[in-house]
Amino acid sequence: MNLSTSRRDFPSLSRSHDDRPLVFFDGAAGTQVPRVVIDAISSYYETSNANSGGSFITSEETDVMVHDTREHLAAMFNAPSAETISFGQNMTTLTFLLSKALVKTMKPGDEIIITQLDHEANRGPWLALREDGIVIHEAAMRQDGRLDYDDLEAKISSRTRLIALGMASNAIGTVNDVARVREASRRAGAQLFLDAVHYAPHFSIDVEALDPDFLICSAYKFYGPHVGILYCREGLLDTLETSRLVTASQAAPERIETGTLNYAAIAGVRAAVRYIESWGEGSSLRERLVDAFRRIGSHERALAVRYWEGIAGIAEAERWGPDFSDAQRAPTVSITLKNLRSDELARRLAARGINSWGGHFYAKRAVERLGVEARGGLLRSGFFIYNTEDEVDRLLAELETLAR
């Protein structure tokens, strides 16, 4: 990949702090944004700023743009139509809205399975349904950072109505076996909810092959603005009693969209998908996106492996999560140092111009299970299209100094 070209696409990469060029390894919590996305948001405000549903040109342009963005995301997910794509403030808000709709299809004593590996946004909304009499089971995470599938399958019963599964861990990079969980959910007649927030930036998604009932992600994790995105199996959203105004559209995909959307941000989402597409080749939007994710993913994995192997040479450091022998593993690497709390380590790196996260990253249950909460959690570094080998080596050198 021509990294000199990709880096020029991101204005923020030229920033320095205390005479040090900033290095952005914080992308797992939100990537930097390319100029084309910034321009798309600005252009919307300059030319087409209006609410939807009007008969005048700016409103009509807004409606066309929103539908076109849905179509771009449908191609990104290999979904059958734009009507399967809904927008929200963020993933957490959409998940709460969906959970409140799904509980209306259940009765006290029905069961939902969550996991210890997941981000709290794929736990909290389901745990809250205990107030409605829903029984929540928690599938265990093994100490190596992988999900305990035997434990998950043992918790499935005739009362299981939903399995809520993260596709990739935002804390330690584990990629879960969705096909195995989907097959288990089918045997029980249970629905499958996939949290793809940490998966979507790094791998192409095929909902036809994965066959989830629901899949959710966030555009700000793949070079876009803060917009939540929900895929619902075709026709399924129309069967749910969502919280909505009588004046709002009663049909999918708007059926779960409350109030006026952030149209400028949605224009930025379309630009982000197009930016990813620009790195691929193929005769269709879908083919170009799949090829782009393959190319970008190869670059990201190489950087993550370089860092993973470099950390092995620091005696005071401990690596967490699966190694890179797995066929799929997110390019997110978390470590701890024996002599420093991880949150303090992040602060010291920040003073050296390196942006990295220390803590639990809302994967609080996973960090508890790993037994590192008292050590300030984990130091997490994520690798994206704009990161370089030189930046990885700079991070390793700083960590070696801090370890001493």
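Note that the structure is a prediction, hence the values are computed from the model and not measured. Residue numbers start at 1 and run along the sequence shown.
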| said: I'd like to know if the side chain of Ser185 pairs up with that of Arg182 as donor and acceptor (distance under 3.5 Å, no hydrogens or angles considered). | reply: yes
| field | Exercise: identify the closest heavy-atom pair between Ser86 and Pro253 | value | OG-O, 2.7 Å
| said: Tell me whether the rings of Phe384 and His202 are parallel (<30°), tilted (30 to 60°) or perpendicular (>60°). | reply: tilted
| message | Whether the side chain of Arg352 engages the backbone of Arg348 through a donor-acceptor N/O pair (distance < 3.5 Å, no angle test) should be reported. | response | yes
| Are Phe214 and Tyr231 close enough that their ring centres sit under 6.0 Å apart? | no
| message | Looking at Trp308, I'd like to know if the NZ or CZ of Arg329 sits under 6.0 Å from its six-membered ring centre while staying within 45 degrees of the ring's axis. | response | yes
| Any ion pair linking Glu257 and Arg70 (charged N to carboxylate O, less than 4.0 Å)? | yes
| field | Cationic N near anionic O, under 4.0 Å, Arg295 to Glu281 | value | yes
| request: Might you point out which heavy atoms bring Ile113 and Leu152 nearest each other, and give the distance in Å? | output: CD1-O, 4.0 Å
| Are Glu316 and Lys338 within salt-bridge range, i.e. N to O under 4.0 Å? | no
| message | If you compare all heavy atoms of Ala304 against all heavy atoms of Val333, which two are closest, and at what distance to 0.1 Å? | response | O-CG2, 4.1 Å
| Heavy-atom pair of closest approach, residues Thr332 and Ala171 | CG2-O, 4.4 Å
| note | Closest non-hydrogen contact found for Leu215 with Leu210 is CD1-CD1, 4.5 Å
| Hey, what's the ring geometry for His119 with Tyr362, parallel, tilted or perpendicular (30° and 60° as the breaks)? | parallel
| Just checking, any donor-acceptor pair under 3.5 angstrom between side chains of Thr93 and Asn90? | yes
| Does NZ or CZ of Arg7 come closer than 6.0 Å to the centre of the six-membered ring of Tyr386, within 45° of the ring's axis? | no
| By side chain to side chain donor-acceptor pair (under 3.5 Å), which residues pair with His137, not counting sequence neighbours? | none
| request: Look at the aromatic rings of Phe193 and Trp126 and report parallel, tilted or perpendicular, splitting at 30° and 60°. | output: perpendicular
| Salt bridge flag under 4.0 Å for residues Glu241 and Arg255 | yes
| query | In terms of ring plane angle, is the pair Tyr275 and Phe10 parallel, tilted or perpendicular, where the classes change at 30° and 60°? | reply | perpendicular
| note | Heavy atoms of Ser52 and Tyr263 approach each other most closely as OG-OH, 3.0 Å
| request: Say whether, by atom type as modelled, one donor and one acceptor occur between the side chain of Thr388 and the main chain of Glu391 under 3.5 angstrom. | output: yes
| Interatomic distance, Asp63 atom CG to Asp68 atom CG [nearest 0.5 angstrom] | 12.5 Å
| Pairing of Arg186 and Asp211 as salt bridge, 4.0 angstrom limit | yes
| field | Salt-bridge contact Glu373-Lys364 (side-chain N to carboxylate O under 4.0 Å) | value | yes
| message | Quick test of your reading of the model: are Arg161 and Glu111 salt-bridged, counting only N-O distances below 4.0 Å? | response | no
| Are the charged groups of Glu120 and Arg123 less than 4.0 angstrom apart, N to O? | yes
| field | N-O pairing of Arg180 and Asp150 below 4.0 Å | value | yes
| message | Quick one: does any side-chain atom of Thr84 pair with a main-chain N or O of Glu234 as donor and acceptor, under 3.5 Å? | response | no
| message | Strictly below 4.0 Å, N to O, side chains only: are Arg146 and Asp144 in salt-bridge contact? | response | yes
